[in-house]
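Here the structure comes first, spelled out in structure tokens, and everything after it is commentary.
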Amino acid sequence: MKWFSARGAVASRLRQRKHALLRRYPVPEHALPGSLALTHRRCGKPTCHCASGKGHPMWSLTFMVEGKKRVERIPTEWVEEIRPLVLEGRAYKDAVSEIFAINAQLLALWRRQHQKKKRGG
Ligand SMILES: [Zn+2]
């Protein structure tokens, strides 16, 4: 069954988009999941300058592992290197979702085309 080779302009547009995505998004080996966020935390020392301000800047990466949310502190000097990997991970996930959605649409088109064929005799 070659449901991925459904006929017509819509199917061929979907396939083109899918192949463009596949070419553009090989699995990024070092990509990271989740999101990077900047928060501020007071260290608690009464004499520290942060006691009167909003606290020390603290970056963290929030991500899921086996259904559980995890937060990992990221040293500020790493952020420049880590951020693009998080963006890469998100772009890859979006591309994979889009490819799967395209596959589902191709499957639906194929089924409709084959139903018509049968009814038409
Ligand atoms: Zn402090």
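Start at 1 with the first residue, then count along the sequence. Atoms within a ligand are numbered from 1 in the order they appear, just like the ligands themselves.
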Inset, instruction - Supply the atom-to-atom distance Glu98 CD to Lys18 NZ, rounded to the nearest 0.5 angstrom. - result: 12.0 Å

Legend entry - Between NE2 on residue His56 and OG1 on residue Thr39, distance to nearest 0.5 Å: 12.0 Å

[X] side chain near [Y] side chain, heavy-atom distance below 4.5 Å:
{"X": "Leu14", "Y": "Leu109", "answer": "yes"}
{"X": "Leu61", "Y": "Ser35", "answer": "no"}
{"X": "Met58", "Y": "Arg41", "answer": "yes"}

Inset, instruction - Look at Glu81 together with Arg83 and state whether they make a salt bridge at an N to O cut-off of under 4.0 Å. - result: no

Inset, instruction - Anything protein N/O/S under 2.8 Å from the Zn ion (ligand 1)? Just list residue and atom, please. - result: Cys43 SG, Cys48 SG, Cys50 SG, His56 NE2

